[in-house]
There are 2 protein chains.
Amino acid sequence: MKKDTTTEEKIREAARQVFRSKGFYGCTSREIANAAGENVALVNYYFRSKSQLFKIIFEAAMDDFVLSMVEVFGSKKSLVEKMRIFIDLEYAFLAKHPELPSFILNEMNREDGCNIDHQKYFLKVAETGLFEECFKAQEEGYMRSISLNSIPLLIMSNCHYPVMAKTMLMQLHGMTSKEYDDNLNIHKKLVSDMLINFLFPQSN
Amino acid sequence: MKKDTTTEEKIREAARQVFRSKGFYGCTSREIANAAGENVALVNYYFRSKSQLFKIIFEAAMDDFVLSMVEVFGSKKSLVEKMRIFIDLEYAFLAKHPELPSFILNEMNREDGCNIDHQKYFLKVAETGLFEECFKAQEEGYMRSISLNSIPLLIMSNCHYPVMAKTMLMQLHGMTSKEYDDNLNIHKKLVSDMLINFLFPQSN
DNA sequence: CATTTTTTTAAACAAGCGTTTAAAATCCTT
DNA sequence: AAGGATTTTAAACGCTTGTTTAAAAAAATG
């Protein structure tokens with residue numbers, strides 16, 4: 001009789017949760033095994049080592065990370081529309097996965113890094129034709145002529161930082177979690193307006 | 001004969017460097033002692049425990065973190081001028097201390113948190129009169145009427161995230177560290193223009 | 001049902017952790 | 001220079017870490 005979730009899957013799912021919220025150094029193999037309700041030795045039985053298991057979790061996280069970007073910018077809409085849709089989707093996605101940006105940034109900064117093929121993820125985004133589209137829009141004077149490096153950076157700054165800084169700003173402003181999230185929804189609209197007005201100056 | 005740097009100072013300075021770049025869990029007492037060129041036991045002799053030493057380092061980091069904000073916004077200039085000066089200073093400051101934003105955000109997110117008086121730092125900023133000044137400017141129609149929570153969030157997002165994401169974006173774009181930093185200087189101007197145009201709509 | 005293969009277990013491993021100890025070295029005061 | 005306080009040291013403490021082992025349990029195979 002096949003179980004609906006195998007031991008391997010239980011461990012992977014527990015690792016996903018624990019690694020994402022605590023990072024590689026912030027948790028132990030035993031903690032992951034307990035979260036999965038299984039014996040410690042099984043972590044190594046199925047995944048050979050903590051590092052190997054982490055690598056799997058991290059790569060899956062990177063897939064999640066670029067998925068919405070690829071989906072939105074690969075679609076057939078105007079650039080302005082795509083921008084607004086992307087910001088909306090990104091805020092919605094991060095509401096469900098608020099630990100993701102910190103997780104990825106931190107683990108990439110780790111000394112004994114995560115040893116994955118980073119370029120592959122950049123290519124995924126590049127393949128949507130986003131950069132060519134921006135370049136063309138800039139030549140036509142439709143989009144502000146700024147470095148193509150700055151465009152994703154502006155968007156990511158204003159989408160990711162607000163969720164990364166939640167704990168700090170909650171405490172600084174003395175807000176509850178819900179109050180902060182409500183403010184985030186208001187903030188999203190500001191970000192959307194600000195970025196589009198800046199990137200597409202004649203659009204209003 | 002007094003040494004120019006005491007053992008205690010050497011350990012504190014080593015701890016500052018190591019904690020900031022690796023975080024509380026990312027380093028060991030022995031690593032700090034080695035960086036200071038001293039015996040492990042001295043860490044506990046002078047600071048009682050790793051946690052206690054960390055607390056000192058973290059609070060000093062928070063002081064650094066809010067210092068430029070307090071200095072700039074406590075000065076007697078127009079709000080627009082202050083904004084532009086602050087962004088300039090913040091980029092310059094973070095060029096020297098690029099690990100600071102990640103450090104503070106991460107350690108605040110830690111489960112067994114850093115147990116410091118966060119409110120004190122908010123008060124420091126509030127005491128500059130920044131929020132009253134913004135409120136007044138909004139009533140006069142000089143500044144865009146947005147939540148007073150969103151203003152620091154917009155500024156911090158666009159100042160802090162670009163240095164936090166350096167490793168990731170360098171690898172994604174295949175840039176060298178110098179190339180990224182050069183781009184950051186261009187980006188700073190964009191951020192400055194974008195934020196000021198958005199916050200003070202009639203200012204151009 | 002017997003045998004082989006796969007999965008799970010408890011226990012142990014060496015290494016590293018934060019911290020403590022007690023003796024040695026150094027400093028300061030008289 | 002002697003004596004007492006302070007600083008530094010090497011070694012050890014108990015505990016946790018990632019990982020391995022070897023036996024037990026379960027599942028699959030014929």
Side-chain angles (χ1 to χ4, degrees), chain A residues 1-59 61 103 106-107 110-116, chain B residues 1-59 61 103 106-107 110-116:
Chain A
M1 187 193 75
K2 269 278 177 64
K3 284 172 279 183
D4 49 339
T5 51
T6 66
T7 302
E8 186 176 347
E9 282 164 351
K10 277 199 272 181
I11 293 173
R12 201 204 322 276
E13 178 52 29
R16 206 184 72 96
Q17 214 214 77
V18 175
F19 273 143
R20 283 201 187 193
S21 65
K22 303 203 179 183
F24 183 76
Y25 282 133
C27 70
T28 68
S29 298
R30 280 168 179 81
E31 189 176 355
I32 292 170
N34 287 345
E38 303 289 346
N39 190 291
V40 209
L42 292 175
V43 173
N44 284 47
Y45 178 74
Y46 283 107
F47 300 97
R48 291 216 342 260
S49 71
K50 186 190 179 188
S51 310
Q52 194 63 29
L53 175 53
F54 179 84
K55 197 177 172 184
I56 290 168
I57 302 302
F58 183 81
E59 295 198 355
F103 174 66
N106 286 332
E107 300 304 331
R110 242 177 49 216
E111 200 169 14
D112 46 350
C114 18
N115 268 1
I116 65 150
Chain B
M1 188 193 73
K2 268 279 174 67
K3 286 173 278 184
D4 49 339
T5 49
T6 66
T7 302
E8 186 177 346
E9 282 164 350
K10 277 198 272 182
I11 293 174
R12 202 204 321 275
E13 179 52 28
R16 207 185 70 98
Q17 215 215 77
V18 175
F19 273 144
R20 281 201 189 196
S21 65
K22 302 202 178 186
F24 183 77
Y25 282 132
C27 71
T28 67
S29 298
R30 281 168 179 83
E31 187 175 357
I32 292 170
N34 288 345
E38 303 287 348
N39 190 290
V40 209
L42 292 175
V43 172
N44 284 47
Y45 177 75
Y46 284 107
F47 300 98
R48 291 218 340 260
S49 72
K50 186 191 179 189
S51 311
Q52 194 63 28
L53 174 54
F54 180 83
K55 196 176 174 184
I56 290 168
I57 302 303
F58 183 81
E59 295 198 353
F103 174 66
N106 285 333
E107 300 305 332
R110 242 177 50 216
E111 199 170 16
D112 45 350
C114 19
N115 267 0
I116 66 152

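Bear in mind that the values here come from a model prediction, so they are computed numbers and not experimental data. Just so it is clear: chains get the letters A, B, ... in the order the sequence lines come, proteins before strands, and each one is counted from 1.
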Query raised in the report: Is the distance from OP1 or OP2 of dT8(C) to the nearest side-chain N or O of Tyr46(A) less than 4.0 Å?
Result: yes
With the criterion being N/O to N/O and under 3.5 Å, what pairs connect the protein with nucleotides 12-17 of chain C, and how long is each?
none

With sequence neighbours left out, the residues meeting salt bridge (Lys or Arg N to Asp or Glu O under 4.0 Å) with Arg20(A) are Asp64(A), Glu99(A)
When rounded to whole Å, the CG to P distance for the pair Leu53(A) and dT19(D) reads 10 Å
From CD of Glu8(B) across to C1' of dT8(D) the rounded distance in Å is 14 Å
When the aromatic ring centroids of Tyr25(B) and Tyr25(A) are compared, is their separation below 6.0 Å?
-> no
note: Ile32(A), atom CD1; dT17(D), atom C1'; distance rounded to Å ~ 13 Å
Quiz item: In this structure, are over 12 heavy atoms from other groups packed under 6.0 Å from Glu59(A) atom CD?
Solution: yes
Any side-chain N or O of Tyr45(A) less than 4.0 Å from the OP1 or OP2 oxygen of dT8(C)?
no
Winner on side-chain proximity to Leu42(B), out of dT9(C), dT8(D), dT19(C), is dT8(D)
Whole-Å distance, Phe47(A) CZ to dT20(D) P, equals 16 Å
Q. Okay, side chain of Glu9(A), backbone of Thr6(A): is any donor-acceptor separation there less than 3.5 Å?
A. yes
Margin query: Taking any heavy-atom pair under 4.0 Å as a contact, classify Val43(A): base, sugar-phosphate, or nothing.
Written below: nothing
Separation of dT19(D) atom C1' from Glu38(A) atom CD, nearest Å, is 18 Å
Between CD1 of Ile11(B) and C1' of dG18(C) the distance, given in whole Å, is 15 Å
Applied to residues 32-56 of chain A, the salt bridge (Lys or Arg N to Asp or Glu O under 4.0 Å) test, sequence neighbours excluded, yields Lys10(A)-Glu38(A)
Below the 4.0 Å mark, does dT7(D) have OP1 or OP2 next to a side-chain nitrogen or oxygen of Thr7(B)? no
Value for CZ (Arg12(B)) from OH (Tyr46(B)), rounded to nearest 0.5 Å, stands at 11.0 Å
query: Considering only heavy atoms from C-beta outward, does the side chain of Phe19(B) approach that of Ile32(B) to under 4.5 Å?
result: yes
Separation of dT20(C) atom C1' from Asn39(B) atom CG, nearest Å, is 12 Å
In whole angstroms, the gap separating P of dT21(D) from CG of Asn44(A) amounts to 11 Å
(message) At 4.0 Å (heavy atoms only), tell me whether Ser49(B) reaches a base, stays on the sugar-phosphate, or touches nothing.
(response) sugar-phosphate
